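Below, all heavy atoms of this structure are taken into account, side chains as well, without hydrogens, waters or symmetry copies. Every value quoted in this text rests on a predicted model; they were computed, and no experiment measured them. Sequence positions, counted from 1, serve as the residue numbers for this chain.
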Amino acid sequence: MRLDHPVRRYAGSVLLVLLALAALYLVTLLYAVGETLLAGMLLVLVALAAWTYTSAKTMALRYLFPGIAAAAVFVVFPMLYTVSIGFTNYSSRNLLDFERARQYLLDETWQAEGGVFSFALVSGGADGQFRLRLQDQDDETKVFASPPLALDGAAAEIRLSAADDATASADAAPLTEVIARQKLLKPLTLVTPDGVKVRMASLRQFSPVQPLYAAQPDGTLKNLRDNAVLTPNFKTGFFETAAGEPVTPGFKVGVGLAHYARIFTDSKFREPFGRIFLWTVAFSGLTVLFAASLGMLLAVLLNWDSLRFKGAYRLALFLPYAVPGFISILIFKGMFNQSMGEVNLVLNALFGVKPAWFSDPFLAKTMILIVNTWLGFPYMMIVCMGLIKSIPADLYEASAVAGAGPITNFTQITLPLILKPLTPLLISSFAFNFNNFVLITLLTGGRPDFLDISVPAGSTDLLVSYTFRMAFQDSGQQFGLASAISTVIFFIVAAITLVQMRFTKLAEQSGR
């Protein structure tokens, strides 16, 4: 046991050092690939972990640190990353950083004047080696071949010679092998016996290829075909011609508060944002009101002692919550179909009408509230049933002695006693429905769209689905603008939740 004691003593320290070195290596890799924000957060967590598990003053924190680290990586970092994108011009046209966009343009080539050569990849004799066989398309008697190559991907200038009979008649490798080695072939520059330099132009051709752009000392790029000059514009995030025309791909640049200003000042965005915000608040509030009211009513009815087959009723009413939500939504989408849906078939048989649920804005909103109430009331019913069970039966017995009826029992006993513990659930339900992306996307897709605006937005869009359409369905895919809207949504939900919690606290204090 004495021999094991030093090992046990230092094993923990050695393990901690190894983990710290591995974490620092990961931080270095993340920083090298440009993930500065994530690398910085991990570096802070590594330093905090080293202090936590080496200091005698942080014994209690050691048990909490894994949860804190997980929250920082999976909750805090995505929030910070989203907020940071909102201050950039990040979009489908501005995906790269400046250096990568510049290198992309420098890598562009153009086919210069000269002969075009048919290309074939043939065996080089030894395992893993190949020869490149080129045939002049203008003079098919000119066939050239390279020496045996390992094709390791390194850029090289290779001189060709006249192909011997064996190489000229060798079978060409199938196109699949050429595709598999395309990245290894592109860096090669082949020089014919006439001194013509050719590079890979397609899977079956080599031709004289030259760089399209050349870097200039002042940071501009010169077009070698027409001598035009591209100047980087760090306000728009594009290389631009002398006439101001942007050249793709663009690069990411900071735009400050420009996206937030567009949301609230540009009429193209301000008008749909205001309408969608009001509908989002109304949808969340009405959903909570309808689902909670229906769930509470059913809970009270199922708590009636004289009611027979209560177990069967509870099972039947709980089934909407047991079925996956997306399945129920898609079923309702078919049921509300204007031509063949069951809802319109019944309405047509009874009243001779077939409402346009998906094309009329008011009816579309009504349909959404109906479906969401159906999806939400079972959970509210189960919670209310549990809360009602916790109410002392003596109160109802005393009420019965006093001659009170069911309505008096509900308004004077049941509702006041279950409303207070139910309030936090109502607040969380409001926040959830504020961002109920799945319902809107699967049921209506946000449509019918507004006809008087140019951005993708519809009368049934919530702020979250509006953000999604702005980021992924608009032709520009404006990720920066969508991130700014997401940040605004976050603060709106946080503010509404704080106000609701404040009023709840005041109501609790006044009720004491």
Using the side-chain contact (heavy atoms from CB on, under 4.5 Å) rule, take Leu298 and Tyr313 through it: C-alpha gap first, then chi angles, then the decisive distance, then the call. CA-CA 10 Å; Leu298 293 174; Tyr313 296 146; over 6 Å; no

Query raised in the report: For Asn233 and Phe239, what are the C-alpha separation, side-chain angles and deciding distance, and is it a side-chain contact (heavy atoms from CB on, under 4.5 Å)?
Result: CA-CA 6 Å; Asn233 188 330; Phe239 280 88; over 6 Å; no

request  = Under the side-chain contact (heavy atoms from CB on, under 4.5 Å) rule, what do Ile453 and Lys268 come out as? Steps first, then yes or no, please.
outcome  = CA-CA 6 Å; Ile453 60 175; Lys268 183 174 66 174; 5.9 Å; no

| message | Walk me through whether Phe283 and Phe434 qualify under ring-ring contact (aromatic ring centres under 6.0 Å, His included). | response | CA-CA 8 Å; Phe283 163 77; Phe434 204 91; 9.3 Å; no

Subject >> Test log, rule ring-ring contact (aromatic ring centres under 6.0 Å, His included), inputs Phe437 and Phe468 >> reply: CA-CA 9 Å; Phe437 173 77; Phe468 174 81; 5.0 Å; yes

Please determine whether side-chain contact (heavy atoms from CB on, under 4.5 Å) holds for the pair Leu415 and Met296, giving the CA-CA distance in whole Å, both sets of side-chain angles, and the decisive distance to 0.1 Å. CA-CA 9 Å; Leu415 183 61; Met296 190 180 302; 3.6 Å; yes

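Proximity of Leu463 to Phe273: side-chain heavy atoms (C-beta onward) are separated by under 4.5 Å at one or more points. Using a 4.5 Å heavy-atom cutoff, the side chains of Ile485 and Phe269 are not in contact. Residues Lys333 and Leu442 form no side-chain contact, since every pair of their non-hydrogen atoms from C-beta on lies 4.5 Å or further apart. In this structure, the side chains of Lys252 and Leu96 stay at 4.5 Å or more apart for every pair of heavy atoms. Residues Ile413 and Ser399 are in side-chain contact: their nearest non-hydrogen atoms beyond the backbone lie under 4.5 Å apart. Residues Met385 and Arg314 form a side-chain contact, since some pair of their non-hydrogen atoms from C-beta on lies under 4.5 Å apart. Contact check for Leu24 versus Leu43: side-chain heavy atoms found under the 4.5 Å cut-off. Contact annotation: the side chain of Ile391 approaches that of Tyr396 to within less than 4.5 Å [non-hydrogen atoms, C-beta and beyond].
Residues passing the side-chain hydrogen bond (donor to acceptor under 3.5 Å, both in side chains) test with Asp360, sequence neighbours excluded: none.
Scanning both residues, Ala101 and Pro249, for their nearest heavy atoms gives CB-O, 4.0 Å. Residue Asp461 comes nearest to Arg469 through the heavy atom pair OD2-NH1, 2.7 Å, listed as atom of the first residue, atom of the second, then distance. Across every non-hydrogen atom of Asp449 and Gly446, the tightest pair is OD1-O, 4.3 Å. Of all heavy-atom pairs spanning Ser483 and Thr82, the tightest one is CB-O, 3.2 Å. Across Cys384 and Ile418, no two heavy atoms sit closer than the pair SG-CD1, 4.5 Å. Scanning both residues, Ile440 and Ser465, for their nearest heavy atoms gives CG2-OG, 3.8 Å.
Atom OG1 of Thr373 sits about 11.5 Å away from atom CD1 of Ile368, to the nearest 0.5 Å. Note: Ser328 OG to Leu439 CG = 11.0 Å, rounded to the nearest 0.5 Å. Taking CG of Leu481 as the reference point, atom CD1 of Ile85 lies at 12.5 Å (rounded to 0.5 Å). If you take CZ on Phe479 and OG1 on Thr88, they are separated by 10.5 Å, rounding to the nearest 0.5 Å. Rounded to the nearest 0.5 Å, atoms CG (Leu387) and CG (Leu417) are 10.0 Å apart. Atoms CZ and OG1, from Arg93 and Thr248 in turn, are 7.0 Å apart once rounded to the nearest 0.5 Å.
For Asn337 (side chain) and Gly334 (main-chain N/O), no donor-acceptor pair under 3.5 Å exists by modelled atom type. Under a 3.5 Å cut-off, the side chain of Thr460 and the backbone N or O of Arg447 do form a donor-acceptor pair. Of the possible polar contacts, none joining the Thr441 side chain to the Val438 backbone as a donor-acceptor pair under 3.5 Å is found. In terms of modelled atom types and a separation under 3.5 Å, the side chain of Ser459 and the main chain of Pro448 share a donor-acceptor contact.
At a threshold of 4.0 Å, the pair Lys186-Asp107 does not count as salt-bridged, since none of the basic side-chain nitrogens sits closer than that to a carboxylate oxygen.
Between the side chains of Asn344 and Trp357, at least one donor-acceptor pair of N or O atoms lies under 3.5 Å. Tyr379 and Ser429 share no donor-acceptor pair across their side chains, judged by distance under 3.5 Å alone.
Residue Ile407 places its CD1 atom among 12 or fewer non-hydrogen atoms of other residues, nucleotides or ligands, all under 6.0 Å distant. Within a 6.0 Å sphere centred on OH of Tyr25, other residues, nucleotides and ligands contribute 12 heavy atoms or fewer. By the neighbour-count criterion of 12 heavy atoms within 6.0 Å, atom CZ of Arg270 is densely surrounded, having more than that number from other residues, nucleotides or ligands.
With a 6.0 Å cutoff to the six-membered ring centre and a 45° limit on the axis angle, Arg275 counts as a cation-pi contact of Phe450.
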Pair up each side-chain donor or acceptor in residues 55-70 with any protein partner under 3.5 Å, not counting sequence neighbours, and list the distances.
| residue | atom | partner | partner atom | Å |
| --- | --- | --- | --- | --- |
| Ser55 | OG | Lys57 | N | 3.2 |
| Thr58 | OG1 | Thr52 | O | 2.6 |
| Thr58 | OG1 | Ser55 | O | 3.1 |
| Arg62 | NE | Thr52 | O | 3.1 |
| Arg62 | NH2 | Ser55 | O | 2.9 |

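Between Phe98 and the choices Phe238, Tyr104, Phe251, the ring-ring contact (aromatic ring centres under 6.0 Å, His included) rule is met once, by Phe251. None of Val464, Thr287, Leu462 except one satisfies the side-chain contact (heavy atoms from CB on, under 4.5 Å) rule with Asn436; the exception is Leu462.
The aromatic rings of Tyr260 and Phe87 sit tilted, their planes meeting at an angle between 30° and 60°.
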